[in-house]
Trainee: 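Can you read through this structure? Questions will come right after.
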Amino acid sequence: MATMKAVVFERKDHIAVREVPKPAPGPGQAVIRITATTICGTDVHIVRGEYPVKAGLTLGHEPVGVIDALGAGLEGEYQVGQRVIVGAITPCGQCFYCLNGVSSQCGGPIGGWKFGNTINGAWAEYLLVPDARANLAPIPDGLTDEQVLLCPDIFSTGLSGAESGHIRVGDAVAVFAEGPIGLCATLGAKLMGASLIVGVDQNEDRLAIARRFGADVVLNPGDGDVVSRLKALTGGRGVDVAIEALGRQETFESALRSIRAGGTLSSLGVYSGKLVAPYEAIYAGLADQKIVTTLCPGGKERMRRLMAMIAHGRVDLAPLVTHRFALDDIAEAYDVFSHQRGGALKVALYPDRASMPARTATVVEGTDRDC
Ligand SMILES: [Zn+2]
Ligand SMILES: [Zn+2]
């Protein structure tokens with residue numbers, strides 16, 4: 001049996017590079033050779049045992065690669081050797097949820113998220129892609145792997161926070177936490193036409209990057225109450241839309257307190273434990289406010305749109321990829337990412353060490369400070 005290298009979840013706080021069977025595609029499935037992938041904050045939740053997955057599962061849900069093999073039924077649609085990305089969420093396109101317009105919930109709650117959750121993921125040399133016709137998205141000529149690396153999850157998720165918040169031209173928007181997802185939400189708020197974007201984070205380096213991604217004002221909670229400062233910036237009313245991009249009670253509550261009557265809290269965070277909404281923050285439940293939650297939109301058409309934004313120069317996500325590692329060095333990569341060492345925002349992982357690009361000028365200034 002052909003084998004391949006993969007990074008598997010063994011138990012809480014333990015991942016390891018292992019030799020595992022190479023997948024073969026069934027009807028409607030494809031296998032891609034992974035050329036680049038990355039680590040997501042959700043993977044950190046998994047490794048820490050905060051989100052359960054089965055032992056032996058290959059992690060990772062952000063695949064960039066080349067089609068290696070196609071199952072029956074895909075002839076004429078794709079070719080072996082074609083460069084593709086696949087969304088972190090892989091909807092089937094045919095179930096109750098997909099056909100009701102919530103394809104991220106394919107098959108049931110959070111069901112669209114399969115890679116590195118319910119099936120083997122992208123931290124491997126090869127990846128089996130289910131429902132390939134709905135999910136293989138060809139990479140436009142001229143775009144590098146790293147340029148599209150954040151489309152499968154971070155860009156799609158961050159942008160969806162702005163989209164689900166239904167930001168209107170002229171809105172005032174606050175983004176709570178400027179990690180990679182918050183930065184993409186900031187970018188999304190700008191693309192949707194917000195007139196005022198306020199980035200909120202405790203990390204001054206991240207606030208500096210938030211300015212580059214479209215924040216007009218940045219607020220550090222360490223400098224005083226964020227909610228009152230947001231109200232002062234909006235005529236005392238509060239922001240039209242607040243995007244929560246961290247998944248903590250404090251940021252959720254601050255986001256809730258910062259929206260105006262009739263405003264929207266668009267939530268992207270992954271929460272654990274109990275989430276509480278104090279009655280005064282929601283005006284006893286009578287202020288026509290909306291709370292919306294969104295899982296990363298996936299599918300090949302979403303991926304095509306995101307890559308078109310990059311191909312046409314509307315957005316440049318390269319500054320978010322601050323570090324590169326060979327997949328074999330996953331332990332070091334995970335340590336750097338999970339502790340945000342050296343100003344790490346996103347780390348690119350390369351299954352083939354020889355194909356790893358040399359460092360370029362796209363690396364954010366000062367990120368090596370702690371290395
Ligand atoms: Zn993710
Ligand atoms: Zn479905």
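Both counts, for ligands and for their atoms, begin at 1 and track the order of listing. Quick caveat: nothing in here was measured; it's all calculated off a predicted structure.
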Trainee: How many degrees, to 10°, between Cys92 SG and Cys106 SG as seen from the Zn ion (ligand 2)?
Mentor: 100°
Trainee: Which value, rounded to 10°, describes the SG(Cys98)-the Zn ion (ligand 2)-SG(Cys95) angle?
Mentor: 110°
Trainee: Side chains of Val239 and Arg260, heavy atoms from C-beta outward: is any pair under 4.5 Å?
Mentor: no
Trainee: Of all the N, O or S atoms in Asp153, which has the shortest distance to the Zn ion (ligand 1)?
Mentor: OD2
Trainee: Of all the heavy-atom pairs spanning Leu320 and Cys184, show the shortest one and how long it is.
Mentor: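 So the two residues come closest at CD1-SG, 3.9 Å.
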Trainee: Measuring centre to centre across the rings, with the benzene-like ring taken for any Trp, is Phe9 within less than 6.0 Å of Trp123?
Mentor: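 They do not qualify: ring centres at least 6.0 Å apart.
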Trainee: One thing to verify: whether Arg133 and Glu77 come together as a salt bridge, which I'm taking to mean a side-chain N less than 4.0 angstrom from a carboxylate O.
Mentor: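 Answer for the salt bridge query: yes.
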Trainee: How wide is the angle at the Zn ion (ligand 1) spanned by Cys40 SG and His61 NE2, rounded to 10 degrees?
Mentor: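 An angle of 110° at the metal.
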